[in-house]
Amino acid sequence: MAPELVAAAEEAADIAGRFIMPFFRSGLVVDGKADASPVTEADRGAEIKLREFLAARFPEHGIWGEEFGADRADAEWVWLLDPIDGTRAFITGRPLFTTLISLMHRGRPVLGIIDQPATRERWVGVAGQRTRFSGPFGGVVGARPCAALAEAELGCTAPDIFAAEQLAGFERLRGACKRATWGGDAYGYGLVALGSLDVVCEGTLKPWDWAALQPVVAGAGGCLTDWAGRELGFESGGDVVALGNPALLPEVVSLLA
């Protein structure tokens, strides 16, 4: 991975954070999108800033953002942007939202950043490299070698993230794990990379939701796949599972099937 790509991704995260933070706990107006999910001026404005920065730096690259759609999504290199992942956390004043910035090469994620500007925590994942983490509260990169699901800490944003036909599989997985913790959105995948959670399972995610997560989790020794254990790409659906210990994947896939 060219160093200038990683540097640009981190600079983009800085730009987004500087724009977003003045809106945090500010009583901003919340709008509803067609799918009933919330969106704010902070989401839209941050994505505009990111798109302008990346388009100027890499005019030959494509850009695909949650708020303003795709521009040259068929390019060899495509940036995926989710300026505020966890808008519900953001609008309710909880510092569990993140900015997600990822770079896809020929449809596969090769660079991902999970950035939490309120707590100043950042995960940087690059394909084939160890994930980097920085933050004021401690934490060392390295997925926990959880040997059995019966000892596993499971994370999930909320049960309503699943389609109705997915709930039975998720409940089987939940029942096999030691404990379930709700909330967190993309922040939970960062916790897998730090060994605080062992499993995160979610459904109906879009590419900009999961693309940044894969390099971060993989670079910590874990894996991020779809519910059938397959590699994620543009053609994937939105069902994802992250594991700190990839050896548990066959059992998890069986439970979710």
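- Side-chain contact between R108 and E231 is present, with at least one heavy-atom pair separated by less than 4.5 Å.
- Shown here for E153 and K178, the closest heavy-atom pair between the two residues is OE2-CD, 4.3 Å.
- Under the 30°/60° scheme for interplanar angles, the aromatic rings of W123 and F133 are found to be tilted.
- Taking each heavy atom of L111 and V126 in turn, the nearest pair found is CD1-CG2, 3.8 Å.
- Separation of the W79 and F53 ring centroids does not fall under the 6.0 Å cut-off.
- A distance-only check finds a donor-acceptor pair linking the side chain of T157 to the backbone of D185 [under 3.5 Å].
- Counting heavy atoms from C-beta on, the side chains of V200 and V217 never come closer than 4.5 Å.
- The closest donor-acceptor contact from the side chain of E47 to the backbone of F68 lies under 3.5 Å.
- Between Y189 and L224, the shortest heavy-atom distance links the atoms CE2-CD1, 3.7 Å.
- W182 is listed as a side-chain neighbour of P159, based on a closest heavy-atom distance under 4.5 Å.
- By the 4.5 Å heavy-atom criterion applied to side chains, L232 and P109 are not counted as neighbours.
- Classification of E171 and R174 as a salt-bridged pair holds, one side-chain N sitting under 4.0 Å from a carboxylate O.
- Taking 4.0 Å as the cut-off between side-chain N and carboxylate O, E66 and R51 do not count as a salt-bridged pair.
- Taking a cutoff of 4.0 Å between a charged side-chain nitrogen and a carboxylate oxygen, R57 and E4 do not qualify as a salt bridge.
- The aromatic rings of F19 and F23 sit tilted, their planes meeting at an angle between 30° and 60°.
- Note that CG of L205 and CD of E202 are 5.5 Å apart. Values are rounded to the nearest 0.5 Å.
- Here the side chain of T99 pairs no donor or acceptor atom with the backbone of I84 at under 3.5 angstrom.
- Nearest approach of A73 to F234, heavy atoms of both residues: O-CE1, 4.2 Å.
- Remark: the backbone N or O of A257 is paired with a side-chain donor or acceptor of R172 at under 3.5 angstrom.
- Side-chain atoms of R72 and D74, non-hydrogen and from C-beta on, do get closer than 4.5 Å to each other.
- The shortest distance between side-chain heavy atoms of V240 and L213 does not fall below 4.5 Å.
- F24 and F97 have tilted rings, their planes meeting at an angle from 30° to 60° on a 0 to 90° scale.
- With D198 contributing its side chain and C146 its backbone, the two residues share no donor-acceptor pair below 3.5 Å.
- The shortest non-hydrogen separation linking L173 to C201 is CD2-CB, 3.7 Å.
- In this structure, V78 and L80 have side chains that are in contact, with non-hydrogen atoms separated by less than 4.5 Å.
- At distances below 3.5 Å, not a single donor-acceptor pair connects side-chain atoms of W208 with backbone N or O atoms of I101.
- Note on L100: it clusters hydrophobically with L194, by side-chain heavy-atom contacts below 4.5 Å among ILVMFWY residues.
- Note that the CD1 atom of I114 and the CG atom of L191 stand 9.0 Å from one another [nearest 0.5 Å].
- Applying salt bridge (Lys or Arg N to Asp or Glu O under 4.0 Å) to D14 and the options K49, R120, R122 leaves one that passes, R122.
- Between the side chain of T131 and the backbone N or O of G125, no donor-acceptor pair lies under 3.5 Å.
- The CZ atom of R230 sits 11.5 Å away from the CG atom of L249 when rounded to the nearest 0.5 Å.
- Nearest heavy atom pair, residue T204 against residue A163, reads CG2-N, 4.2 Å.
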